[in-house]
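Read the numbers this way: they start at 1 and go in the same order the structure lists the ligands and their atoms.
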Amino acid sequence: MIATQYKGNKNFAVIDKKIEEPKDDEVRIKVAYSGVCGTDVHIYHGMMDKRVSIPQTIGHEMSGVIDVVGKNVTNFKAGEKVVVRPLDDRKVKPSDKGFNHICEDLKFIGIDSPGSMQQYWNVPAFVLHKLKPETDLKLAALIEPLSVATHDVRRSGLVKGETAVVLGGGPIGMLVAMVAKEVGAQVIISEVNPTRIKMAKDLGFDAVNPTEVDLVAYVKSKTEDKRADVVFEVAGVQPALDIMCEVAGIRGRILMVAIHGDKKPVDLFKFFWKELSLIGARVYEKEDYEKSIELITENKLPFEAMITDVQPLSKIQQVFENIDKNPSGMKVLMDCSL
Ligand SMILES: NC(=O)c1ccc[n+]([C@@H]2O[C@H](COP(=O)([O-])OP(=O)(O)OC[C@H]3O[C@@H](n4cnc5c(N)ncnc54)[C@H](O)[C@@H]3O)[C@@H](O)[C@H]2O)c1
Ligand SMILES: [Zn+2]
């Protein structure tokens, strides 16, 4: 089979590898599609070399079909369509309070251990979620990032009739916006990239560029001066941190989705003055996957538009080089049958 390996320093190898038998508690998946995540791009750029053991097969946004099950696996069988929730929580402790998805010793499959950018992938059965036979496997590769969005919206407590401002219309922000709209909220996307603004508008979203439009005045004009009930920070930059406390209205909830690798200044006075809440949101729980599987299977939202390119797995090097050249694209999938 073909497997890919990140070798360090913006280099991938495509190797011919022996197909391995799954261990007793594992299944072997024939991977259908593997999506490229922002984290994979960070790995490619060498920013996670301390964490990723090189050479490593990366990838965690995938869909596939079970090929073989290990002898202790009773709840799955060959031929079933599945996705992986790539969280290895086997080292969960009582002090994690039952929040397995953010337990202290969590390992992320595809970063800390081999991932899905290969034709066959052995994983422990407990990470699997079953799909319906009719589920489209291309769309199903979006279930992992969509589950980030369903988790964020659930954590926010957003309800119908509220206004949500999404700061950053990248893949995650766009999926957050879709899920927020599905809840029945009024959604405003703030994005600086003209291609992504156009895409958001084409999908029917109210999208503005905060470097051209006064975002606070705009949000006020759409909310009878009340401003946003919920702000999703999905841009990961200082200007978004500066404006999040401004666009949030009284008792607004701010969801911190973006990963800020270093300490940044935030106007804490606004938290006191408007009784704001800051809520962290990290990955997803089982129920977020179940909600995403339902949304994808029913193809309820404009998910197809999220997939801006599909390339053979064997072209992995060009895929990552092209992402660097065209950062406006949304989700690139690799077809793992090729
Ligand atoms: N919480 C989690 O578990 C989780 C999971 C996945 C990703 N993330 C994080 O979510 C963030 C978004 O992920 P992504 O893949 O969509 O990344 P991305 O970089 O593609 O998207 C960020 C977007 O923000 C836009 N932007 C930049 N400056 C802006 C500004 N001043 N105002 C508004 N928008 C601005 C960019 O143009 C870009 O489109 C990243 O920080 C990522 O690390 C978190
Ligand atoms: Zn991801």
Side-chain angles (χ1 to χ4, degrees), residues 34-45 47-48 58-62 83-87 99 101-102 106 108-112 115-117 141-156 165-178 188-200 205 207-216 218-219 231-244 246-247 254-262 264 279-285 288-289 292 306 308 323-324 326-333:
S34 191
V36 180
C37 171
T39 306
D40 300 322
V41 178
H42 285 316
I43 293 173
Y44 168 70
H45 287 160
M47 288 156 76
M48 294 172 72
I58 64 168
H60 57 270
E61 301 185 0
M62 57 69 69
V83 287
V84 163
R85 193 162 50 93
L87 306 181
F99 297 110
H101 71 297
I102 48 170
L106 184 77
F108 198 95
I109 303 173
I111 299 176
D112 303 308
S116 60
M117 292 182 182
L142 298 176
I143 287 168
E144 194 271 356
L146 179 61
S147 300
V148 172
T150 49
H151 183 67
D152 301 340
V153 172
R154 187 165 65 84
R155 289 273 293 143
S156 77
V165 171
V166 180
L167 303 174
I172 300 291
M174 203 73 88
L175 290 169
V176 167
M178 287 185 196
I188 299 167
I189 298 177
S190 169
E191 170 60 60
V192 295
N193 177 317
T195 311
R196 288 186 167 177
I197 294 172
K198 181 175 181 308
M199 179 176 169
F205 285 108
V208 291
N209 186 335
T211 63
E212 291 167 359
V213 172
D214 179 341
L215 182 66
V216 178
Y218 187 78
V219 173
V231 180
F232 294 94
E233 204 301 74
V234 206
V237 294
Q238 186 62 48
L241 297 178
D242 294 339
I243 213 152
M244 68 183 190
E246 301 286 342
V247 287
I254 301 176
L255 267 287
M256 190 49 62
V257 182
I259 303 171
H260 291 271
D262 49 5
K264 307 236 175 75
I279 303 167
R282 182 174 161 211
V283 289
Y284 24 65
E285 295 170 82
D288 304 309
Y289 250 64
S292 303
M306 290 294 300
T308 46
I323 289 173
D324 273 353
N326 172 25
S328 304
M330 280 284 169
K331 205 36 92 183
V332 182
L333 301 187

> If hydrogens are left out, which of G38, P171, G168 has an atom nearest to atom 17 (O) of ligand 1, that is, the closest non-hydrogen atom?
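The residue whose heavy atom sits nearest atom 17 (O) of ligand 1 is P171.
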
> Working to the nearest 0.5 Å, report the span between CG of L142 and OG of S147.
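Here the rounded value is 10.0 Å.
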
> Please calculate the SG(C37)-the Zn ion (ligand 2)-NE2(H60) angle and round it to 10 degrees.
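SG of C37 and NE2 of H60 make an angle of 110° at the Zn ion (ligand 2), to the nearest 10°.
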
> Can you list the atoms of ligand 1 that are under 4.0 Å from a heavy atom of A281?
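Checking each atom against A281, I get 1 (N), 2 (C).
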
> What pairs of residues pass the salt bridge (charged side-chain N to carboxylate O under 4.0 Å, His left out) test when at least one of them lies in residues 188-199, not counting sequence neighbours?
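Found K198-D202.
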
> Please report the closest heavy-atom contact between A281 and L255, naming both atoms and the distance.
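For A281 versus L255, the nearest heavy atoms are CB-CD1, 4.0 Å.
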
> Using a strict 4.0 Å cut-off to heavy atoms of G170, name the atoms of ligand 1 that fall inside it.
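That gives atoms 16 (O), 20 (O), 21 (O), 23 (C), 39 (O) of ligand 1.
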
> For atom 36 (C) of ligand 1, find the nearest protein heavy atom and state the residue, atom name and distance (0.1 Å precision).
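Protein heavy atom with the smallest distance to atom 36 (C) of ligand 1: E191 OE2, 3.3 Å.
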
> Return yes if some donor-acceptor pair links the side-chain N/O of R85 with the main-chain N/O of E285 below 3.5 Å, else return no.
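No, R85 side chain to E285 backbone: no donor-acceptor pair under 3.5 Å.
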
> Looking only at protein heavy atoms, which one is nearest to atom 4 (C) of ligand 1, and what is the separation?
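Heavy-atom neighbour on the protein nearest atom 4 (C) of ligand 1: V257 O, 3.9 Å.
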
> Which residue supplies the protein heavy atom nearest to atom 3 (O) of ligand 1, what is that atom called, and how far is it?
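Here the closest protein heavy atom is V283 N, 2.8 Å.
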
> Can you sort out which atoms of ligand 1 are near P210, meaning under 4.0 Å from one of its heavy atoms?
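Reading through ligand 1 atom by atom, the close ones are 32 (N).
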
> Atom 12 (C) of ligand 1: which of I259, V234, V148, L215 has the nearest heavy atom?
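Minimum heavy-atom distance to atom 12 (C) of ligand 1 goes to V234.
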
> Would you name the N/O/S atom of E61 that lies closest to the Zn ion (ligand 2)?
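For E61, the N, O or S atom at the smallest distance from the Zn ion (ligand 2) is OE2.
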
> Looking at P86 and Y289, what are the two nearest heavy atoms and their distance?
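Reported closest heavy-atom pair: CD-OH, 3.6 Å.
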
> Only heavy atoms count here, so choose which of P327, S190, A200 is nearest to atom 34 (N) of ligand 1.
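Checking each option, the heavy atom nearest atom 34 (N) of ligand 1 is found in S190.
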
> Mind checking salt bridge (Lys or Arg N to Asp or Glu O under 4.0 Å) for D112 and listing every partner two or more places apart, or none if nothing turns up?
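Listed in chain order: R51.
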
> I need the atoms of ligand 1 closer than 4.0 Å to a non-hydrogen atom of A258, numbered in the order shown.
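Answer, ordered by atom number: 9 (C), 10 (O), 11 (C), 41 (O).
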
> If you take the nearest heavy atom of each of M174, R196, K331, which one is closest to atom 38 (C) of ligand 1?
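Of the listed residues, R196 has the closest heavy atom.
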
> If you have a sec, work out which protein heavy atom is nearest atom 35 (C) of ligand 1 and how many Å separate them, to one decimal?
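Of every protein heavy atom, A235 CB, 3.7 Å lies nearest to atom 35 (C) of ligand 1.
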
> Any idea which heavy atoms bring P210 and L215 closest together, and the distance?
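So the two residues come closest at CB-CB, 4.3 Å.
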
> Is there a nitrogen or oxygen of V237 sitting under 3.5 Å from a nitrogen or oxygen of ligand 1?
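The answer is no, given that V237 and ligand 1 share no N or O pair closer than 3.5 Å.
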
> What do you think, any protein heavy atom under 4.0 angstrom from atom 19 (O) of ligand 1?
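Under the 4.0 Å cut-off, atom 19 (O) of ligand 1 has no protein heavy-atom neighbours at all.
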
> CG of L241 to NE2 of H260: how many Å apart, nearest 0.5 Å?
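Between L241 CG and H260 NE2, I get 4.0 Å after rounding to 0.5 Å.
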
> Show me which atoms of ligand 1 lie under 4.0 Å from any heavy atom of I172.
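Checking each atom against I172, I get 6 (C), 7 (C), 13 (O), 14 (P), 15 (O), 16 (O).
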
> Is there side-chain contact between E144 and V83, with at least one heavy-atom pair below 4.5 Å?
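Of all side-chain heavy-atom pairs linking V83 with E144, none is under 4.5 Å.
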
> Atom 27 (C) of ligand 1: which protein heavy atom is closest, and how many Å away?
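Checked against all protein heavy atoms, atom 27 (C) of ligand 1 sits closest to V192 CG2, 3.7 Å.
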
> Does V36 offer a backbone N or O that forms a donor-acceptor pair with the side chain of K331 under 3.5 Å?
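Checked: pair present.
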
> Going by the order shown, which atoms of ligand 1 are within less than 4.0 Å of some heavy atom of P239?
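So the atoms of ligand 1 that pass are 31 (N).
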
> Number the atoms of ligand 1 from 1 as they appear, then name those within less than 4.0 Å of a heavy atom of R282, with their elements.
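Once the distances to R282 are compared, the set is 1 (N), 3 (O).
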
> Which distance, rounded to the nearest 0.5 Å, do you find between the CG of D262 and the CD of Q238?
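Answer rounded to 0.5 Å: 9.0 Å.
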
> Got a donor-acceptor contact below 3.5 angstrom from the Y284 side chain to the D152 backbone?
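Looks like no, no N/O pair under 3.5 Å.
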
